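Data first, discussion second: the structure below is written as structure tokens.
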Amino acid sequence: MAIPDFIRTIRADAGHQLLWLPGVTAIVFDDEGRVLLGRRADNGKWSAIGGMPDPGEQPAACAVREVFEETAVHCVPERVVLVESLDPVTYPNGDICQFMDITLRCRAVGGEARVNDDESLDVGWFALDQLPDLHEFSLFRIKQAMAEEQPTWFDRT
């Protein structure tokens, strides 16, 4: 994954110490009820689409941008699915980040799913009963997004 310029600027002063950062995940459904997934270039695994908002960018705008940048699909955010603080991650270069993830349920409104940047090896639509091998992170978010009337999920511990 590319490191945004604003993070490079912060890292110049902060070094590798823990940075608390926003993250956005988009669970995108098409009219057939399939979910859009991308196979990440950094680890080769299938995952929900997501990324970091630019400074001042709203989470919904970030979801729309990230989905298009990675998959060439246009989408419209429908609702917040969950808000969750994730465990810290240490990257191979020694940088430590901890993300506050905001997951949004989105509806595809145009475009053809294809690899649209260097962050993905593959992208595709998957029926919910034919999902590829996914980490619990993506599975939980898909499950929460499928529930039409369910309120936003929060970890209350």
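All values below were derived from every heavy atom in this structure, side-chain atoms included, with hydrogens, water molecules and symmetry-related copies excluded. As the structure is a computational prediction, the values presented were derived from the model and not from experiment.
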Which atom pairs, donor and acceptor, lie under 3.5 Å between side-chain atoms of residues 85-93 and protein residues at least two apart or in another chain?
{"unit_1": "Asn93", "atom_1": "OD1", "unit_2": "Asp95", "atom_2": "N", "d": "2.9"}
{"unit_1": "Asn93", "atom_1": "ND2", "unit_2": "Asp95", "atom_2": "OD2", "d": "3.1"}

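Smallest separation of non-hydrogen atoms from Val81 and Ala145: CG1-N, 3.7 Å. In terms of heavy-atom proximity, Cys62 sits nearest to Gly51 at SG-O, 4.1 Å. Closest non-hydrogen pair, Leu104 versus Ala60, comes out as CD1-CA, 3.6 Å. Smallest separation of non-hydrogen atoms from Ser47 and Arg40: CB-CD, 3.8 Å. Here the shortest heavy-atom pairing between Pro4 and Met52 reads CG-CE, 3.3 Å. Heavy-atom minimum distance, Leu82 versus Thr152: CA-CG2, 3.9 Å.
A distance-only check finds a donor-acceptor pair linking the side chain of Ser138 to the backbone of Ala48 [under 3.5 Å]. At distances below 3.5 Å, at least one donor-acceptor pair connects side-chain atoms of Arg11 with backbone N or O atoms of Gly15. Side-chain atoms of Arg105 do not come within 3.5 Å of backbone N or O of Glu78 as any donor-acceptor pair. Looking at Gln130, its side chain never comes within 3.5 Å of a backbone N or O of Ala127 through a donor-acceptor pair.
Val123 and Leu134 fall into different hydrophobic clusters, where Ile, Leu, Val, Met, Phe, Trp and Tyr side chains are chained together by heavy-atom contacts under 4.5 Å. When the side chains of ILVMFWY residues are joined at heavy-atom separations under 4.5 Å, either directly or via intervening members, Phe6 and Leu19 end up in a single hydrophobic cluster. Residues Ile10 and Ile96 are members of separate hydrophobic clusters, defined by side-chain heavy-atom contacts under 4.5 angstrom among Ile, Leu, Val, Met, Phe, Trp and Tyr. No continuous path of ILVMFWY side-chain contacts below 4.5 Å connects Leu131 to Leu36, so the two sit in separate hydrophobic clusters. One hydrophobic cluster, built from ILVMFWY side chains closer than 4.5 Å, holds both Met146 and Leu139.
Within the structure, salt bridge (charged side-chain N to carboxylate O under 4.0 Å, His left out) pairs that include any residue of residues 108-118 do not occur (at least two apart or interchain).
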Evaluation steps, side-chain contact (heavy atoms from CB on, under 4.5 Å), between Phe29 and Leu128: CA-CA 10 Å; Phe29 292 101; Leu128 296 174; 4.1 Å; yes
Evaluate the criterion side chain to side chain donor-acceptor pair (under 3.5 Å) for residue pair Arg141 and Thr103; output intermediate values, then yes/no. CA-CA 7 Å; Arg141 281 153 178 75; Thr103 297; 3.1 Å; yes
Kindly determine whether Val28 and Ile49 satisfy side-chain contact (heavy atoms from CB on, under 4.5 Å), including the steps that lead there. CA-CA 8 Å; Val28 184; Ile49 308 301; 5.5 Å; no
Quick one: do Val73 and Asn116 satisfy side-chain contact (heavy atoms from CB on, under 4.5 Å)? Show the steps, please. CA-CA 9 Å; Val73 170; Asn116 205 34; over 6 Å; no
Check the pair Val64, Phe68 against side-chain contact (heavy atoms from CB on, under 4.5 Å), reporting the backbone distance first and the verdict last. CA-CA 6 Å; Val64 169; Phe68 183 76; 5.7 Å; no
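Taking 4.5 Å as the limit, every side-chain heavy atom of Asp133 sits out of range of all side-chain heavy atoms of Lys45.
To the nearest 0.5 Å, atoms SG (Cys106) and CZ (Arg79) are separated by 10.5 Å. Atom CG of Leu121 is separated from atom CG of Asn43 by 9.0 Å, given to the nearest 0.5 angstrom. Atoms CD and CD, on Gln144 and Glu84 in that order, are 9.5 Å from each other to the nearest 0.5 Å. Within the model, atoms CG of Asp31 and CZ of Arg107 stand 8.0 Å from one another, a figure rounded to the nearest 0.5 Å. The structure places OG of Ser120 at 10.5 Å from CG of Leu37, a figure rounded to the nearest 0.5 Å. To the nearest 0.5 Å, the span separating CD on Glu70 from CZ on Arg65 amounts to 9.0 Å.
Heavy-atom contacts from other residues, nucleotides or ligands closer than 6.0 Å to CD of Glu69 number more than 12.
The aromatic rings of Trp46 and Phe126 sit perpendicular, their planes meeting at an angle over 60°, well past the 30° parallel limit.
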